[in-house]
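Numbered from 1 within each chain, the chains take letters A, B, ... in sequence-line order. Basis for what follows: all heavy atoms, side chains included, without hydrogens, waters or symmetry-related copies.
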There are 2 protein chains.
Amino acid sequence: MKEKSHLLLKEQLCFPIYATSRMVTRLYQPWLDKLGLTYPQYLVMLVLWEEQRLTVSQLGKRLYLNTNTLTPLLKKLRDKGMVAKERSKDDERTVHIELTEKGQELKAQAEDIPANLLEAIDMPVEELRQMREWMWKLLGKFDD
Amino acid sequence: MKEKSHLLLKEQLCFPIYATSRMVTRLYQPWLDKLGLTYPQYLVMLVLWEEQRLTVSQLGKRLYLNTNTLTPLLKKLRDKGMVAKERSKDDERTVHIELTEKGQELKAQAEDIPANLLEAIDMPVEELRQMREWMWKLLGKFDD
DNA sequence: GTTAAATTTATCGTGTGCGATATAATCTTA
DNA sequence: TAAGATTATATCGCACACGATAAATTTAAC
């Protein structure tokens, strides 16, 4: 008996995650444009709005991003006046990233974004919550 | 009474989708390296293994990708000898993408990938199935 | 205490994604 | 049937991601 191939696009888990990720990023665009941020830059700001000040590698751990992504991205955020970079005096290898006043103020303009996105996505809140939970679980498996 | 901010990273849906997408792509890497494919290239091959021959825009619709992504990607797949490009005779605007024999043969080497990924992800099948279903539903909302 | 290993950030090269625009071919309709 | 709209693909520019490597600093081993 011939076995069925498991290579159908519809059967993959990977593909809808990948496509949904890009789709969600696109949904953010109109709001992020108003803030002058790209989507990954917005993620960095989310973390900083929670923490105010942390090192590049701490940021990387929170967002699962390496320095080869973060370094140029942070440079752009600094150029926009959103963050300040300061090399630590204790350990000259580490660089602290800190919100500027301008970056702090931007938070107020971002407060509506989550609600607007929820509306655009238009799915039952419980399903979204469950998806979020499962994906965090999945991410947790590869925290190293 | 002061309202709680909804800008916490843990509360966002967007972020785990984004991070999980990159994480899953990383999990594919070792297997895709053996095939000499990148992840988006693999997605194109998945579609072609189902359809054999279709136009650039049909591919784009299936994968939610535009030509500005597909054109250079298809050029690379052609350089690797996986696909052939042929401008249609009926309508000279359209370009047909077709599997080469080499591209066809690569499918056999890919057959194990889904099972290996399932193992690596190590989540209950039912949860994965449900996630997949919800994400396809989400994608469907923005099919235009 | 000197040196090798480890840590932290930065740099480089390749491959996407995607908005904006260009180009060429086809269709439409007055 | 010819101008204008539409369609299909390609090109360009910018911003990630990420593997590989480098550079600077600190830690650890001897």
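Atoms CZ (A:Arg87) and C1' (C:dT9) sit 6 Å apart, rounded to a whole Å. The CD atom of B:Glu86 sits 16 Å away from the C1' atom of D:dT9 (whole-angstrom rounding). D:dC14 atom P lies 18 Å from atom CG of A:Leu77, rounded to whole Å. For B:Arg78 and D:dT9, the CZ to P distance is 15 Å, given to the nearest whole Å. Atom pair A:Lys76:NZ and D:dC14:C1' shows a separation of 8 Å (rounding to whole Å applied). Taking atom CD on B:Gln41 and atom C1' on C:dT16, their separation rounds to 9 Å, with Å as the unit. Straight-line distance from the CG atom of A:Leu74 to the C1' atom of D:dC16: 13 Å, rounded to whole Å.
A sub-4.0 Å separation between OP1 or OP2 of C:dG17 and a side-chain N or O of B:Thr69 is absent. Using a 4.0 Å cut-off, some side-chain N or O of A:Lys85 falls inside it from OP1 or OP2 of C:dA10. At the phosphate of C:dT16, neither OP1 nor OP2 sits under 4.0 Å from any side-chain N or O atom of B:Lys75.
Side-chain contact check for B:His96 versus B:Lys85: every heavy-atom pair is 4.5 Å or farther apart. By the 4.5 Å heavy-atom criterion applied to side chains, B:Leu138 and A:Ile121 are counted as neighbours. Taking 4.5 Å as the limit, every side-chain heavy atom of B:Leu59 sits out of range of all side-chain heavy atoms of B:Leu65. Looking only at side-chain heavy atoms (C-beta outward), A:Leu106 and A:Leu37 come within less than 4.5 Å of each other. Side chains of A:Arg22 and A:Arg26 form a contact here, defined as non-hydrogen atoms less than 4.5 Å apart. The shortest distance between side-chain heavy atoms of A:Glu127 and B:Lys137 falls below 4.5 Å.
Scored by the salt bridge (Lys or Arg N to Asp or Glu O under 4.0 Å) test, A:Glu105 finds no partners at all (sequence neighbours excluded). Remark: B:Arg93 engages B:Asp91 in a salt bridge (Lys or Arg N to Asp or Glu O under 4.0 Å) (not counting sequence neighbours).
Within 6.0 Å of CD on A:Glu126 lie more than 12 heavy atoms contributed by other residues, nucleotides or ligands. Within a 6.0 Å radius of CD in A:Glu101, no more than 12 heavy atoms belonging to other residues, nucleotides or ligands are found.
The salt bridge (Lys or Arg N to Asp or Glu O under 4.0 Å) pairs that include a residue from residues 41-60 of chain B are B:Glu50-B:Arg62, B:Glu51-B:Arg62, B:Arg53-B:Glu86, B:Arg53-B:Glu98, where partners are two or more places apart or lie in different chains. Here ring-ring contact (aromatic ring centres under 6.0 Å, His included) pairs that include residues 31-51 of chain A, with residues two or more places apart or in two chains, are A:Tyr28-A:Tyr39, A:Tyr28-A:Tyr42, A:Tyr39-B:Tyr18.
A heavy atom lying under 4.0 Å from DNA chain D marks the following residues of residues 13-34 of chain B, by number: B:Tyr18, B:Arg22, B:Arg26. Within residues 90-97 of chain A, the residues having any heavy atom under 4.0 Å from DNA chain C are, by residue number, A:Arg93, A:Thr94, A:Val95. Within residues 49-67 of chain B, the residues having any heavy atom closer than 4.0 Å to DNA chain D are, in order of number, B:Thr55, B:Val56, B:Ser57, B:Thr67.
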Between the protein and nucleotides 12-14 of chain C, list every N/O to N/O distance that falls short of 3.5 Å.
none

All N/O pairs under 3.5 Å across the protein-nucleotides 21-23 of chain D interface:
none

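Contact annotation for B:Leu73: backbone-only contact, meaning every heavy-atom pair under 4.0 Å involves sugar-phosphate atoms and none involves a base.
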Side chains of residues 71-83 of chain B: which donor-acceptor pairs under 3.5 Å do they make with residues two or more places apart or in other chains?
unit_1, atom_1, unit_2, atom_2, d
B:Thr71, OG1, B:Thr67, O, 3.0
B:Lys80, NZ, B:Gly36, O, 2.8
B:Lys80, NZ, B:Gln41, OE1, 2.7

Could you pull out every donor-acceptor pair under 3.5 Å between side chains of residues 107-115 of chain B and any protein atom, sequence neighbours left out?
unit_1, atom_1, unit_2, atom_2, d
B:Glu111, OE1, A:Ser5, OG, 3.2
B:Glu111, OE2, A:Ser5, OG, 3.3

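The pair A:Glu11-B:Arg132 does not meet the salt-bridge criterion, since no charged nitrogen lies less than 4.0 angstrom from a carboxylate oxygen. Ion pairing of B:Arg129 with B:Glu133 is present here, as a side-chain N (NZ or NE/NH1/NH2) and a carboxylate O approach within less than 4.0 Å.
Taking each heavy atom of B:Leu99 and B:Leu48 in turn, the nearest pair found is CD1-O, 3.6 Å.
For the helix from C:dG1-D:dC30 to C:dA30-D:dT1, the axis fitted to the five pairs at one end and the axis fitted to the five pairs at the other end meet at an angle of 10° (nearest 10 degrees).
Residues A:Leu46 and B:Leu8 fall into different hydrophobic clusters, defined by Ile, Leu, Val, Met, Phe, Trp and Tyr side chains chained together at heavy-atom separations under 4.5 Å.
Under the 3.5 Å distance criterion, with hydrogens and angles disregarded, a donor-acceptor pair is assigned to the side chains of B:Gln52 and B:Gln104.
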